[in-house]
Amino acid sequence: MSKLLLIDGHSIANRAFYGLPDLTNSQGEHTGAIFGFINMMLKFIDDEQPDNFAVAFDVHAPTFRHKMFEAYKGTRKPMVPELKEQIPRIQEMLRAMGVPVITMEGWEADDILGTLARIGEEKGFDVTIVSGDRDLLQLATEKVKISIPKTKKGGTEIENYFAADVKEAYGVTPKQFIDVKALQGDTSDNIPGVEGIGPKTAQTWIAQYGSIEECHAHVDEMKKGKVVQNFIDQWDIAVLSKELATINVNAPIELEEGCTKLENLFTEEAYLLCKRYELKKLLPRFEASTTTKVQDNRAETFKRIYDFTDVEDFFAELKKSGKDFVGASIMAGEDKRIKGAALSVGDSTVYVDCAGFITPDYLGHKLMEISKAGVKLCFWDLKNAMHLLYELMSDDEKQAILTNGGKAEIFPTAVDVAVAAYLLNPTKNAYTADDVASEMLGIIIPAQADLFGKTKLNAALEDDNLLEAVTTYACYNAYVAFAAFEKVIAQIKEEGMLDIYENIEMPLVYTLFDMELQGIAMDKEALAEYGNRLSVRINELEQSIYSQAGEEFNINSPKQLGVILFERMGIEGGKKTKTGYSTAADVLEELSATNPIICDILEYRQLAKLKSTYADGLAACVDSDGRIRSTFMQTVTATGRISSTEPNLQNIPIRMELGREIRKVFYPKDGCIFLDADYSQIELRVLAHMSGDENLIGAFKAGQDIHRSTASLVFNTPFDEVTDLQRRRAKAVNFGIVYGISAFGLAKDIGVGRKEAQEYIDNYFVAYPKMHEFLEGLKSDGKEKGYVTTMYGRRRPIPELSSSNFMTRQFGERVAMNSPIQGTAADIIKIAMVNVHDRLLKEGLKSKLLLQVHDELLVEALESERIQVEKLIAEEMENAAKLAVNLEIDMNAGKTWAEAH
DNA sequence: CCAATCACG
DNA sequence: ACGTACGTGATTGGT
């Protein structure tokens, strides 16, 4: 038996749009409905396995009812622009997938669906119509099924209606469904119906008499009353209503023979669109279904070489050609041992395989050699490439690198295309060759998953069967690095970010490399001892909690904990979340007086965190030389900050005394001390400068305690009479401003009413008159341009600003206010880092920059160099930027990180 | 693989 | 009538 699947385009697009968060791609185009639609469609195709398939749309975007608007029945809202712009794209995608998109001027999608269903049934098809609209139930027969997807929490459920199911659910046949609607009307569809008749009456009448005509004929039998009288008086309207409510199944549709035949949906064209809209979750479906053929066929020209002669030939060729730019991609596994490297100069791309005679050592030195000869190597992750090179150096060479830095000793003039691409859009999750290739070069190349499937790169490198795939992957990396770099730079230049790229980000790659290489010494024994101390107390608390709860359970499970506290123990005041009770610290703290178990849980949580993340977590990261080496990520944050991973050294505890003790196990090497310098109020100083507000600038210039000064102005209190509470609240206001103020957030933070919080904010803007104008300017500027910038021109796109969703847009506004401030501060400390690092080397000092924690630098300084280094750090940090206010730092020396900060 | 929690700036 | 502070990463539990 053949099957025909029909989809109600606008209705399902609408479901998809409201069922998903507001997804956008990196261009800021809304894509949630496209994704949701195609996803839902594929699910139906999988479930139904139809052999014929079509999608119907209204010619013009209809209006829609939505939960949100139920209160205003009859005033259907027009389609929001975010959805509207996606409709043509959905249709484009469908056409690309070879799906017939059927629209007819003068006919609604309902009529098209009904007509197709009728024709299909006549031809002996089983028909399924997918729609969110219950009006289509009138089309149900024994062979025509109406499928209505319902979004429930925990996924979508589908209600299926054959004729019998309609009867069961509504007590009337599908055809009678029309009569019911004719009586009750539907204001949102402009079907008047009969006054005074609602769903109840309509259903009862039709169930009894079968149609409005029969009702009319038997009107005498009915109980006299207002409603019956209305029915008699408004008979004409009822008839008209029935006509309006009836879906016309005789639309003059002419379809080419066989055009609804379902063929391969996963076409090349659709794949391109999928990439274009960055529908990442859908890509695997296309990749599994299309053969590995891609638009770009350069892979055939890639050469794998594994003889000295071939390698020497390539480098000789390179030298002869006088080319000074080479795309490069080094392949290495977990052990950091180089397996090979791809090199590309565009026309010629080779993969040098470290098999046979060619050793990693030879290859590595060859790369260093050409770099030092002035060839600019372009990597996807230069910092990592340098680490790989470092690993295969001799002890003497390693010493030289540690002393003189990676720039001088490894790759003096290399560049990083990922770092460059990050500047163009810092909000992406990854900067891969396939992504950049499609964006900058307009070509489709295989992504890692296309070549290796689920196999990790590490494993692929060990698998001889995947040598071909590894070669292709590496070569494309090298090729795209070569071919796209100039274009990326051209765009950077166009967008005014060349200065940031050349003078901040690229030098920073080398600075971060040296920092990562240095690492920081850990007292392993002290760390273990600290962990043991925690364990003892954790066990005590565990027992205490179990006995108070009356049973053992997993305290680490918020789900179990919530049940124990708020159900078994009946503690009042539990707040609910989507999934259950909230057991977050701020919620529990409010209840801590209620029951002593709460205090134990809070303490348990704190200690468990310290033990798992810090005591155990850090211990697992200590290298064989007793030092711990973090990776600083330069292409992660949306604002321009760096981040730190494996381990994260930017969130080592400090606020609580017990946590702070961890810092005692970080210590400088023999003959050294730590110098720790942090900017004082850098974000507020940046704010003062960027806003140009004289009062804020004045307060900083006067060297005043800035929160006290704000308190004095906001609370209208003489500076010296500001209370601690006032200062604390003013501090929260200052934070709030930097975060993109909202009365609600501020109120929650300081525990006052929203009205009062709003007053503080109002007072703040009176106190600092230019601030309001400045922040408003950021918002309107961002809205107009689609992005905001830091003082140095670093961009952050904010597509949320043009959302019609209130919450999303509001979020965009906060981001527009915060990013320029946080980002400018990030720019400044990056400049300081590079300058401190470079000057330490230039002045021949042995002291080393080890860490950056957003507004803080940690230097391991030789005791003998201390005075000079202190001066150097202060100069470079304070002079990193020239602002309307001074950049001040606090610097401390210490024998541990705890002491120095 | 995601949500909740909590550590930092 | 919505339901919120900005930016990160690691761990844990649960699907």
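When reading the values below, keep in mind they use all heavy atoms of this one structure, side chains included, and skip hydrogens, waters and symmetry mates. Residue numbers begin at 1 in each chain, while the letters A, B, ... track the order of the sequences.
Residue A:I741 has its side chain nearest to C:dA5 when only C:dG14, C:dA5, B:dC8 are considered. For A:F806, the listed nucleotide lying nearest its side chain is C:dG3; candidates were C:dT11, B:dC8, C:dG3. Across B:dC6, C:dC6, C:dG7, the shortest atom-to-atom separation from the side chain of A:T639 is found for C:dG7. Taking every side-chain heavy atom of A:Q822 into account, C:dC6 is the closest of B:dC8, B:dT5, C:dC6.
When side chains are defined from C-beta on, A:L423 counts as touching A:R794, because their heavy atoms get closer than 4.5 Å.
Remark: the separation of the C1' atoms in C:dG3 and B:dC6 is 23 Å, to the nearest Å. Taking the P atom of each, C:dT4 and B:dA3 are spaced 14 Å apart, rounded to whole Å.
At the phosphate of C:dA5, OP1 or OP2 sits under 4.0 Å from a side-chain N or O atom of A:K748. Taking 4.0 angstrom as the limit, A:N651 places none of its side-chain polar atoms (N or O) nearer than this to OP1 or OP2 of C:dG9. Contact between the side-chain N/O atoms of A:S643 and the OP1/OP2 oxygens of C:dG9 is found at a separation under 4.0 Å. Here A:R641 does not reach the OP1 or OP2 of C:dG7: none of its side-chain N or O atoms lies under 4.0 Å away. The phosphate of B:dT5 has neither OP1 nor OP2 within less than 4.0 Å of any side-chain N or O from A:Q606. For the pair A:S557 and C:dG14, the criterion of a side-chain N or O lying under 4.0 Å from OP1 or OP2 is met. When the side-chain nitrogen and oxygen atoms of A:S582 are compared with OP1 and OP2 of B:dA4, none of them lie within a distance under 4.0 Å. One finds a side-chain N or O of A:R655 lying less than 4.0 angstrom from the OP1 or OP2 phosphate oxygen of B:dG9. Checking the phosphate oxygens (OP1, OP2) of C:dT15, a side-chain nitrogen or oxygen of A:K559 falls inside 4.0 Å. At C:dG7, one or more side-chain N or O atoms of A:R796 fall inside 4.0 Å of OP1 or OP2 (strictly under the cut-off).
When rounded to the nearest whole Å, the span between CG of A:L778 and C1' of C:dC6 equals 14 Å. The interatomic distance linking A:N556 (CG) with B:dA3 (C1') rounds to 15 Å, in whole Å. The separation between A:Y530 atom OH and B:dA7 atom C1' is 11 Å, rounded to whole Å. Following rounding to the nearest Å, A:E683 (CD) and B:dC8 (P) show an atom-to-atom distance of 17 Å. What separates NZ of A:K609 from P of C:dT11 is a distance of 9 Å, to the nearest Å. Across the protein-nucleic acid pair, A:L610 atom CG and B:dA7 atom P stand 7 Å apart, rounded to whole Å. Nucleotide B:dC8 holds its C1' atom 13 Å from the CG atom of A:L618, rounded to whole Å. In this structure, CG of A:N648 is placed 17 Å from P of C:dG7, rounded to the nearest angstrom.
In this structure, A:P426 and A:R796 approach most closely via the heavy-atom pair CG-CA, 4.3 Å.
Counting distance only, with no hydrogens placed and no angle test, the side-chain atoms of A:R814 and the base atoms of C:dT4 include a donor-acceptor pair under 3.5 Å.
Using a 30° and 60° split on the angle between ring planes, A:F735 and A:H707 fall in the parallel class, below 30°.
Taking the ring centroids of A:Y764 and A:Y768, they lie under the 6.0 Å cut-off.
Pairing partner, C:dC2: none, since no Watson-Crick or wobble contact has both distances short of 3.5 Å.
A:S819 comes within 4.0 angstrom of no nucleic acid atom, judged by non-hydrogen atoms across all strands. Residue A:V853 is in sugar-phosphate contact alone, with no base atom involved, counting any heavy-atom pair closer than 4.0 Å across all strands shown. If you check every strand for non-hydrogen atoms under 4.0 Å, A:N554 touches sugar and phosphate atoms only.
Residues A:R727 and A:D705 are paired through a salt bridge, judged by an N-O separation under 4.0 Å between the basic side chain and the carboxylate. Salt bridge status for A:E759 with A:R729: absent, with no side-chain N to carboxylate O gap under 4.0 Å. Between A:E334 and A:K456 there is no salt bridge, since none of the side-chain N atoms of the basic residue sits less than 4.0 Å from a carboxylate O of the acidic one.
Remark on DNA chain C: of its neighbouring residues A:V815 and A:S742, the 5'-side contact belongs to A:S742, judged by nearest-heavy-atom nucleotide.
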